[in-house]
Amino acid sequence: MRVKLIGIDANQLLEISEKRQLSLNLEEMKAIQSYFSSLGRDPTDVELETFAQTWSEHCVHKTFKGEILTKEGKINNLLKSTIARVTKELNCEWCFSVFEDNAGIVDFEGDIGVAFKVETHNHPSAIEPFGGAATGVGGVIRDILGVWGEPIANTDVLCFGPQDFPYHKLPKGTKHPRFISKYVILGIGAYGNNMGIPTVNGAILFDESYVTNPLVFCGTVGLVPKSKYVRKGKPGDILVLVGGKTGRDGIHGVTFASTELHEEAEETFGTAVQIGDPIEEEKIKRGIIEVRNRQLGSAITDLGGGGLSSAVGELARLFNCGAIVELDKVPLKYPKMSPWEIWVSESQERMLLCVPKENLEEVLEIFSDENVEATPIGEFIRENKLNIYYKGELVGQIDVSFLFNEIKAVRKAVWKERRHPEAKFSMPDDLTLDLLKILSSPNVVSKESVIRTYDHEVKAMTVLKPLQGVYNDAPSDAAVLKPLYNSWKGIVISNGINPEYGKIDPYWMAASAIDEAIRNNVAVGGRRIALLDNFCWGNPEKPENMGGLVRAAQACYDIAKAFETPFISGKDSLYNESSAGPVTPTLLISAIGILPDVRKAVSMDLKEKNSLVYIIGLTFDELGGSHYYKVHGYLGNSVPKVDALRAKIQIDTLIRAMDKGLILSCHDLSEGGLAVAAAEMAIGGNIGLEIDLERVLVRGKLRSDHILFSESNSRFLVEVAEKNKDAFEELFNGCPYSEIGVTTESDELIVYASSRKLISSTIDDLRKAWQGGL
Amino acid sequence: MRDIKFCVLRGPGTNCDIETKVSLEHFRCTAEILHINKLIKGERSLLDYHGLVIPGGFSYGDRVRSGAIMGKTLMKKIGNEIKKFVEEEKPILGICNGFQVLVEAGMLPGFKEEQEVALGTNSSSRFEDRWVYLVNENRGNCIFTRNLKKVLRMPVAHGEGKLILPLGLEEEYLDRLKRNDQIVFRYSYEDGTPALGKYPHNPNGSIFDIAGICDPSGLILGMMPHPERAFHWITYPDWTRKGLKGYGDGYVIFENMVKYVKDNF
């Protein structure tokens, strides 16, 4: 079907874009109009849809790759000038494939590489939380399959509205945060568990800005034999569509993701949410791994956003060729789908394989053995054109070069410093209640009831699990996997995220997220760390949103460069905005490190009575965005900063101490600062602890409660056996550290400041509060 | 020594096959992961193997009931082959979903040649992954638990693991299971005292705290906990406290299975 574009005016162009849910702006519509004018014909619906998919924010990341005008000048390609620049400048030889594929790949052991990717699935989860979250997991698993990887672990970070949000305040068309959280968690568990991929790490955070727009980050780690990582499609190779049938589910998913959420979203974009089937994906996985092992394919990609239109187009561009696709060959869930729907459908559990003709039969047989449908739907051709046929009729023909020569977006960025009321309250006499309140606050409280609904140890590779300690109830800083049966080498997975800081300054929010992800990784022994970024932001067409985005991206460059941790992959989800406003600028940093010998991993639970407890790092008066301020009703302004060069020396020293076996337990200091870290370690070990605040190394003059609850970055609490005191202190000579306490025979956490007791609580009471009993 | 060969049988949705294979092969035998389609099509025969393990997962998506489709498919498509396999006194181990399959196939508890009991939805109504204590109550009938210590620790990870006996006949069935020495593992406290239904020690509400049973011959064992995830101490949840000496509690179960075959075939 042709769509009349030639000769129509600007308003009509925009009307077409809106009516067909193309999410294309006027400039883009005009470019398409002039392209087809030059061809002397109107586009078909298939062609118009192809542009809408390929040019969507979701697929091309036009904000990050476009031009940004700021007060300080023009930024050309924010991605290349910040995040990817870290990787380029560091030029680590262990980075095998970065920023060019579905997932980043780093070296692991011998020929085996590790692939890691984190995605978001926010808008679908707002409308249909179970399906949205489940297909979020399914989608990121396919990103790993899309680099010939075998998925081995999942990680999920979830951001919801407050669970007690009053019903009468819910904006129209919004589902209650409690409903959303329940079904998102079920969806994630269902997909990962059914596929037999352990969910080993994650976080759950709450903030009012997520009421209308929850954030669902799904990550997957996989193993890739580098010698079998093949990307060499060529004209003549057959395009084989593998997996589930194609239906109307998931049509316009990417254009849906590239607009703000509005109250009728469920009606207008109801078809945009896909339906997941983990067992189908498990079967596809088996087939793909077999094809990979026998080296029968020449390339592979997942069908995600934009469906076939994106997958075929991107492969054709990659191999500098064109393609013929026969849409009527695509197996359908129901007849009478129009060609454009087949072309852009985002039905789940589908992959596209390129197979040299001589291997086709063997490939089809492999999938048939797994009860998976595999259908040749076209082939690569020499000419750089996509030729799309339906029942013998040419329904679309597009120049690949024009398709990927999208209009450069120009955004404006304005950064205005925000000032929040300073916290004004005097120090309470007893801080025990403050600690208990923080322990039981939604972002800190134990997530055990959720963690247990995820299988976190299927595959028998999870050697440091999400819960630690005597009773298996304390929070691990990171997960450690031992993925090879014949090697003790481990993979360390952690994350860093703190939206509270994003309310104050996205620069330091990003810096803190990087520091947190790295220190969580280091806390268990992780090193040679690579990072992934996931930005969730409001509408990028609004300059004030862009102002914060630019700052956060700059922090990514400054801090990651100083830590010498390259970014290997990332994703941005913009348009997380509704009539209720944008989400709090949120950056998830996922970190993947290695551990040469998993037997040297260090967990966070206190191990022995009468050992020494040290704090590593400096404490500043940094309570802006802290949980202590939060429970007192303030946000404040003194957001934690990062001195990455100093932090790097500390973590390098800490790793050396771990390798020498000097560290009995180690926990990072994050939300709730020193007090919460100490409480969690005591809960884990079920061992008492006494701390003297006077001995904490501080910069500036700090009130005792501020020392206790400051959230300064780059700090760890470590437990060291008395007999290793000298060795430990010698090693840390030159680093900021101090001995601040001892583990005791009692069952209490006691914190003193100049012999005054500020906190005194039994471990049982701490545990009860942390388990939500307050 | 003759080559000993185990079949690790998988269907669509099985997902614990690799770690199960690795556990068996630790004892110098071959464990082949075989798709059920190969048996159904007659391309392979179960009788070429000395032992069968049905590992965990979500076979056929656990549609209808957990393990139901795979259990019924086995009996309908290759029932005679399985019967012959059992007659040859070859051992069969079903873990988690594999236990559910054996129950759905009517092979456990094996009083009659049809399904008599079921593994139903956990009392908590949710999937749960946690480490539990098991007390080994078998008096010697079960070939998998010989020389096994009294109290073991392993993880369970399932949503449907509650053993349900026929309504009104619970006592009769329990008596028979006890009399035949078919009760193998019960959920317990650390000291081996049975959990008596108490959550989370009994994680799913299973009757009489039953975590695993064998058939009257002692050659077919079904268990909800995962021995392959408790093979090495490194996969224990608290090895950073307790150290890494020796093997985990799942080790002996596989060792016994291989040893039985080595001794008898």
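Chain naming here is simple, since letters A, B, ... match the order of the sequence lines and numbering starts at 1 in each.
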For A:Asp277, which atoms come within 4.5 Å of any heavy atom of chain B: side chain, backbone, both, or neither? side chain

Atom group of B:Trp233 that falls short of 4.5 Å from chain A, counting heavy atoms: neither

Select, from B:Pro237, B:Ala157, B:Gly159, the one with the greatest count of heavy-atom pairs under 4.5 Å involving chain A. B:Pro237

As a quick check of understanding, evaluate side-chain contact (heavy atoms from CB on, under 4.5 Å) for B:Thr14 and A:Glu282, giving each step before the final call. CA-CA 9 Å; B:Thr14 300; A:Glu282 149 70 15; 5.8 Å; no

Of all residues at least two apart in sequence or in a different chain, which pass the salt bridge (Lys or Arg N to Asp or Glu O under 4.0 Å) check with A:Glu150? none

State the CD-CZ distance between A:Glu448 and B:Arg130, to the nearest 0.5 angstrom. 6.0 Å

State which residues pass side-chain hydrogen bond (donor to acceptor under 3.5 Å, both in side chains) with B:Lys72; sequence neighbours excluded, sorted by chain then number. B:Glu104, B:Gln115

Could you tell me which portion of A:Val598 (side chain, backbone, both or neither) has an atom closer than 4.5 angstrom to a non-hydrogen atom of chain B? both

Donor-acceptor side-chain pairing of A:Asn371 and B:Asn37 below 3.5 angstrom: yes

Distance in Å, A:Lys285 NZ paired with B:Asn15 CG, rounded so as to fall on 0.5 Å steps: 7.0 Å

Between B:Lys242 and chain A, with a heavy-atom cut-off of 4.5 Å, which part of the residue counts as in contact: side chain, backbone, both or neither? neither

Could you tell me which portion of B:Arg126 (side chain, backbone, both or neither) has an atom closer than 4.5 angstrom to a non-hydrogen atom of chain A? side chain

Would you mind checking which part of A:Lys607 comes under 4.5 Å of any heavy atom in chain B, side chain (CB onward), backbone (N, CA, C, O), both or neither? both

Turns out that what part of A:Val480 lies under 4.5 Å from chain B's heavy atoms comes down to neither

Top contributor to chain A contacts, counting heavy-atom pairs under 4.5 Å, from B:Arg10, B:Lys38, B:His158: B:Arg10

Taking all atoms of both residues into account, what is the closest heavy-atom pair of B:Phe127 and A:Tyr454, and its distance? CE2-C, 4.1 Å

Those residues of residues 483-494 of chain A that come under 4.5 Å of chain B on a heavy-atom basis, listed by number, are A:Tyr485, A:Trp488

Counting only heavy atoms closer than 4.5 Å, note whether A:Leu481 contacts chain B via side chain, backbone, both or neither. neither

Side chain, backbone, both or neither: which part of A:Asn472 has an atom under 4.5 Å from a heavy atom of chain B? side chain

Against chain A, label B:Glu228 side chain, backbone, both or neither, depending on which of its atoms sit under 4.5 Å from a heavy atom there. backbone

Quick check for you: to the nearest 0.5 Å, what is the distance between B:Thr235 atom OG1 and A:Lys459 atom NZ? 15.0 Å

Can you tell which part of A:Arg599 gets under 4.5 Å to a heavy atom of chain B, answering side chain, backbone, both or neither? both

I'd like to verify something: which residue of B:His226, B:His35, B:His232 has the highest number of heavy-atom pairs under 4.5 Å with chain A? B:His35

Output for pair (B:Asp238 CG, A:Lys465 NZ), nearest 0.5 Å, gives 9.5 Å

Side chain, backbone, both or neither: which part of B:Phe231 has a non-hydrogen atom closer than 4.5 Å to chain A? neither

Before giving the answer on side-chain contact (heavy atoms from CB on, under 4.5 Å), spell out for B:Lys41 and A:Asp369 the whole-Å C-alpha distance, their side-chain angles and the decisive distance to 0.1 Å. CA-CA 10 Å; B:Lys41 287 186 196 155; A:Asp369 280 350; 3.5 Å; yes

Enumerate by number any residue of residues 59-70 of chain B whose heavy atoms lie under 4.5 Å from heavy atoms of chain A; in the absence of such residues, state 'none'. B:Gly61, B:Arg63

Let's go through A:Thr462 and B:Arg229 carefully: what are the C-alpha distance in whole Å and the side-chain angles of both, what is the deciding distance for side-chain contact (heavy atoms from CB on, under 4.5 Å) to 0.1 Å, and is it a yes or a no? CA-CA 9 Å; A:Thr462 319; B:Arg229 299 188 195 177; over 6 Å; no

